[in-house]
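Indexing begins at 1, ligand by ligand and atom by atom, following the structure's order. Scope of the values below: all heavy atoms of this structure, side chains included, with no hydrogens, waters or symmetry mates.
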Amino acid sequence: MTVVGTPAPASAGPAETLEPRAMTVPFPFSPSLLAERVAVVTGGATGIGLAIACALTEAGASVVITSRSAERLTAAEMEVARRTGRPVWSLPCDVREEDDVARLRDFVSARCGAAAIVVNNAAANFRMPAEKMTGRAMRAVLDTDLLGTYQVTRAFFDDLRSTGHGSVLSIGIAAVERGFPGYSHAGAAKAAIASLTASWASEWGPHGIRANCIAPGPVPTKGVWENMLGQPPSSAADAGAQAFAQYAQAVPLRRLGTPQDVAAAVVFLSSDLAGWITGVTLTVDGGLNLTLGP
Ligand SMILES: CCCCCCC/C=C/C(=O)SCCNC(=O)CCNC(=O)[C@H](O)C(C)(C)COP(=O)(O)OP(=O)(O)OC[C@H]1O[C@@H](n2cnc3c(N)ncnc32)[C@H](O)[C@@H]1OP(=O)(O)O
Ligand SMILES: NC(=O)C1=CN([C@@H]2O[C@H](COP(=O)(O)OP(=O)(O)OC[C@H]3O[C@@H](n4cnc5c(N)ncnc54)[C@H](OP(=O)(O)O)[C@@H]3O)[C@@H](O)[C@H]2O)C=CC1
């Protein structure tokens, strides 16, 4: 696996913008860093979740991925094996459904053992002006992002505690305290996840469970293009491509994020290297939040 992306050139076409070229840096963590730990990654079949599943696998964890789609999970199982040479396990699970989540917990326990790492990555998003936001649209996103995060984490509480080194990682968004214009449902859900993380860290620290949030800036995944910006771009002139190009110019490090940038932060925070870090929201955005003004 390669870890650090380089900036797409200013003239990059859409394909390059979607998949920023990665430097050929070897995987920087020890392959035994997370040995004998079991990790669950929701939304682990695509985009950032898939990169997290690969990185945790490469660091030695036994990883179970979930999504609503059995087809996407099968493809992801093959992709993780191709990239890492190691297997992952998968189970379809809608994080909004309590019964699905209970089945997931039982599956993880039976196949791999008690989960020591839970990564809440599953999310939904689509553009909708605040004044047009219907209750159903609001609930569709809150139920996935916030209720799903709560529900999955709570289901694994006993597992996390039993390992003595439980770690919950929930994916937020950078600079969420400024709101998320056009996506107010997702902004509200992600802000609440940061608070939930802090509550868990305080309440569960005495049980040896750490809880942290990772807040990425823009990462041009297929999920963002399809669900937030419309279909993947056919040319660099597309509105979505232009929005991302503008973001890239505003980022102090002058590039968009890659799924691997986020995955590296997840591996670090999941591991004993971060054994005294809990309750934080780690922004992974190339410094973009610094440019947004006071
Ligand atoms: C510009 C760069 C920004 C970078 C920062 C990015 C930060 C965050 C990024 C992400 O989170 S990316 C994740 C993207 N991935 C996904 O969204 C996953 C797949 N998404 C979905 O499946 C849907 O979005 C969904 C909402 C989860 C579908 O769920 P469900 O089947 O329960 O919903 P529906 O019953 O179909 O609809 C409920 C309600 O919501 C309205 N709605 C759903 N999708 C859209 C849409 N694309 N556009 C507008 N409205 C939508 C739908 O109309 C329903 O409301 P009512 O019409 O009944 O009032
Ligand atoms: N890309 C970006 O710029 C940023 C992304 N993020 C966050 O990163 C995370 C990953 O996003 P990204 O990889 O870009 O997008 P993806 O669309 O690829 O990832 C979202 C995943 O969530 C899964 N999912 C959605 N709804 C449910 C559900 N009800 N139950 C179970 N799984 C579900 C989807 O799988 P399926 O449809 O098969 O169920 C999909 O795999 C999200 O939390 C997102 O909010 C944060 C900041 C920026």
Side-chain angles (χ1 to χ4, degrees), residues 17-18 40-53 65-76 90-98 100-101 104 119-129 132-149 151-152 169-176 180-183 185-187 189-190 193-194 213-233 239-248 250-251 256-263 265-266 281 283-286 288-289:
T17 313
L18 264 176
V40 180
V41 182
T42 67
T46 61
I48 292 170
L50 178 58
I52 292 170
I65 56 174
T66 74
S67 114
R68 293 164 299 175
S69 158
E71 196 182 329
R72 281 192 282 276
L73 286 169
T74 302
S90 77
L91 187 76
C93 167
D94 186 328
V95 296
R96 298 171 293 188
E97 301 295 334
E98 211 170 342
D100 279 19
V101 172
L104 172 67
V119 183
N120 293 301
N121 168 79
N125 210 350
F126 49 85
R127 185 171 176 79
M128 188 171 274
K132 297 202 169 124
M133 183 75 68
T134 64
R136 269 171 54 80
M138 188 65 156
R139 273 191 294 276
V141 171
L142 288 179
D143 283 358
T144 306
D145 295 22
L146 180 56
L147 185 72
T149 292
Q151 203 149 253
V152 170
L169 265 311
S170 302
I171 309 298
I173 52 169
V176 73
F180 195 179
Y183 309 90
H185 43 13
K190 297 294 193 177
I193 285 172
C213 179
I214 292 176
V219 179
T221 60
K222 195 160 170 264
V224 167
W225 285 107
E226 288 183 352
N227 297 289
M228 295 178 63
L229 304 173
Q231 292 303 305
Q242 285 179 357
F244 271 119
Q246 279 171 5
Y247 271 125
V251 172
L256 297 170
T258 64
Q260 288 78 12
D261 288 322
V262 182
V266 169
T281 292
T283 300
V284 180
D285 71 345
L288 180 62
N289 70 90

Colleague: Distance to 0.1 Å, residue and atom name: give those for the protein heavy atom nearest to atom 8 (C) of ligand 1.
Modeller: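 Among all protein heavy atoms, the one nearest atom 8 (C) of ligand 1 is Asn125 ND2, 3.6 Å.
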
Colleague: Under the 4.0 Å line, does any protein heavy atom show up next to atom 27 (C) of ligand 1?
Modeller: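 Under 4.0 Å from atom 27 (C) of ligand 1, at least one protein heavy atom found.
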
Colleague: Do Thr42 side-chain atoms and Ala122 backbone N/O form a donor-acceptor pair below 3.5 Å?
Modeller: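 Yes: the side chain of Thr42 pairs with the backbone of Ala122.
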
Colleague: Report the C-alpha separation of Val119 and Val40 in whole Å, then their side-chain angles, then the decisive distance to 0.1 Å, and conclude whether the side-chain contact (heavy atoms from CB on, under 4.5 Å) test is met.
Modeller: CA-CA 6 Å; Val119 183; Val40 180; over 6 Å; no

Colleague: Between CD1 of Ile214 and CG of Leu169, what distance do you get to the nearest 0.5 Å?
Modeller: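 Nearest 0.5 Å value for the CD1-CG distance: 4.5 Å.
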
Colleague: Hey, is the main chain of Asn289 close enough, under 3.5 Å, to the side chain of Asp285 for a donor-acceptor pair?
Modeller: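 Answer holds: yes.
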
Colleague: Measuring to protein heavy atoms, does anything land under 4.0 Å from atom 15 (N) of ligand 1?
Modeller: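 Protein heavy atom within 4.0 Å of atom 15 (N) of ligand 1: present.
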
Colleague: Between Asn121 (side chain only) and Gly43 (backbone N and O only), is there a donor and an acceptor less than 3.5 Å apart?
Modeller: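 Judged by distance alone, yes, a pair lies under 3.5 Å.
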
Colleague: Nearest protein heavy-atom contact for atom 25 (C) of ligand 1: which residue, which atom, what distance?
Modeller: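 Residue, atom and distance for the closest contact: Ala124 CB, 4.2 Å.
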
Colleague: Short question: side chain of Asn227, backbone of Gly223 - any donor-acceptor pair under 3.5 Å?
Modeller: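 At least one qualifying donor-acceptor pair exists.
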
Colleague: Tell me the closest heavy-atom pair linking Leu288 and Ala250, and the distance in Å.
Modeller: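 Distance-wise, the nearest heavy atoms are CD1-CB, 3.9 Å.
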
Colleague: Step by step, would you call Val95 with Thr144 a side-chain contact (heavy atoms from CB on, under 4.5 Å)?
Modeller: CA-CA 6 Å; Val95 296; Thr144 306; 4.3 Å; yes

Colleague: Kindly confirm or rule out an N or O of Asn227 lying under 3.5 angstrom from an N or O of ligand 1.
Modeller: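 There is such a contact, yes.
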
Colleague: In ligand 1, which numbered atoms sit nearer than 4.0 Å to a non-hydrogen atom of Met128?
Modeller: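 Those of ligand 1 that fall under 4.0 Å from Met128 are 49 (C), 50 (N).
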
Colleague: Given the side-chain rings of His185 and Phe126, with only the six-membered ring counted for Trp, is the space between their centroids under 6.0 Å?
Modeller: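 Yes, they do, as the ring centres are separated by less than 6.0 Å.
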
Colleague: For Phe180, state whether at least one heavy atom is located under 4.0 Å from any atom of ligand 1.
Modeller: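 Flag set, Phe180 near ligand 1.
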
Colleague: Closer than 3.5 angstrom, by distance alone: can the side chain of Lys190 be matched with the main-chain N or O of Phe180 as a donor-acceptor pair?
Modeller: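 No, because the side chain of Lys190 does not come within donor-acceptor range (under 3.5 Å) of the backbone of Phe180.
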
Colleague: Using a strict cut-off of 4.0 Å, indicate which atoms of ligand 1 neighbour a heavy atom of Ile173.
Modeller: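 Contacts of ligand 1 toward Ile173, numbered from 1: 7 (C).
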
Colleague: Which protein non-hydrogen atom lies closest to atom 9 (C) of ligand 1, naming both residue and atom, and how far is it?
Modeller: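 For atom 9 (C) of ligand 1, the nearest protein heavy atom is Met228 SD, 3.4 Å.
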
Colleague: So which heavy atom in the protein is nearest atom 13 (C) of ligand 1, and how far is it from that ligand atom?
Modeller: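 Heavy-atom neighbour on the protein nearest atom 13 (C) of ligand 1: Ala123 O, 4.0 Å.
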
Colleague: Relative to atom 22 (O) of ligand 1, which among Arg68, Met138, Lys222 owns the nearest non-hydrogen atom?
Modeller: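 When every heavy atom of Arg68, Met138, Lys222 is considered, Arg68 comes closest to atom 22 (O) of ligand 1.
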
Colleague: Counting only heavy atoms on the protein side, is anything nearer than 4.0 Å to atom 20 (N) of ligand 1?
Modeller: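 There is a protein heavy atom less than 4.0 Å from atom 20 (N) of ligand 1.
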
Colleague: As a quick check of understanding, evaluate side-chain contact (heavy atoms from CB on, under 4.5 Å) for Thr66 and Leu104, giving each step before the final call.
Modeller: CA-CA 8 Å; Thr66 74; Leu104 172 67; 3.4 Å; yes

Colleague: Can you tell me the protein heavy atom closest to atom 57 (O) of ligand 1 and the distance?
Modeller: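 Looking at atom 57 (O) of ligand 1, the protein heavy atom closest to it is Thr134 OG1, 4.7 Å.
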
Colleague: Please check if the side chain of Gln151 supplies one atom and the backbone of Val101 the other of a donor-acceptor pair under 3.5 Å.
Modeller: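 Here the side-chain-to-backbone pair does not exist.
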
Colleague: Going by the atom numbers of ligand 1, which of them fall below 4.0 Å from some non-hydrogen atom of Arg96?
Modeller: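 Those of ligand 1 that fall under 4.0 Å from Arg96 are 29 (O), 30 (P), 32 (O).
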
Colleague: What is the closest protein heavy atom to atom 43 (C) of ligand 1, and at what distance does it sit?
Modeller: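 Answer for atom 43 (C) of ligand 1: Phe126 CE2, 3.5 Å.
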
Colleague: Look only at the side chain of Asp145 and the backbone of Leu142, and say whether a donor-acceptor pair between them is shorter than 3.5 Å.
Modeller: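 Here the side-chain-to-backbone pair does not exist.
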
Colleague: Start with the C-alpha gap between Val224 and Phe244, add the side-chain angles, then the distance that decides, and say whether side-chain contact (heavy atoms from CB on, under 4.5 Å) holds.
Modeller: CA-CA 11 Å; Val224 167; Phe244 271 119; 3.5 Å; yes

Colleague: Which residue holds the protein heavy atom closest to atom 2 (C) of ligand 1, what is that atom called, and what is the gap in Å?
Modeller: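 Ranking protein heavy atoms by distance from atom 2 (C) of ligand 1, first comes Tyr247 CE1, 3.6 Å.
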
Colleague: Counting heavy atoms only, name the option from Arg136, Glu226, Gln246 that's nearest to atom 37 (O) of ligand 1.
Modeller: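 Answer by nearest heavy atom: Arg136.
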
Colleague: Compare every heavy atom of Ser90 with every heavy atom of Leu73, then report the nearest pair and how far apart it is.
Modeller: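 Closest pair (atom of Leu73, atom of Ser90, distance): CB-OG, 3.7 Å.
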
Colleague: For ligand 2, list the protein residues that place a heavy atom within a distance below 4.0 Å of one of its atoms, sorted by chain and number.
Modeller: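 Near ligand 2, by chain and number: Gly43, Thr46, Gly47, Ile48, Ser67, Arg68, Ser69, Arg72, Cys93, Asp94, Val95, Arg96, Asn121, Ala122, Ala123, Thr144, Ile171, Gly172, Ile173, Lys190, Pro216, Gly217, Pro218, Val219, Thr221, Gly223, Val224.
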
Colleague: Which residue and non-hydrogen atom of the protein lie closest to atom 33 (O) of ligand 1, and at what distance in Å?
Modeller: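 Residue, atom and distance for the closest contact: Ala140 CB, 4.2 Å.
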
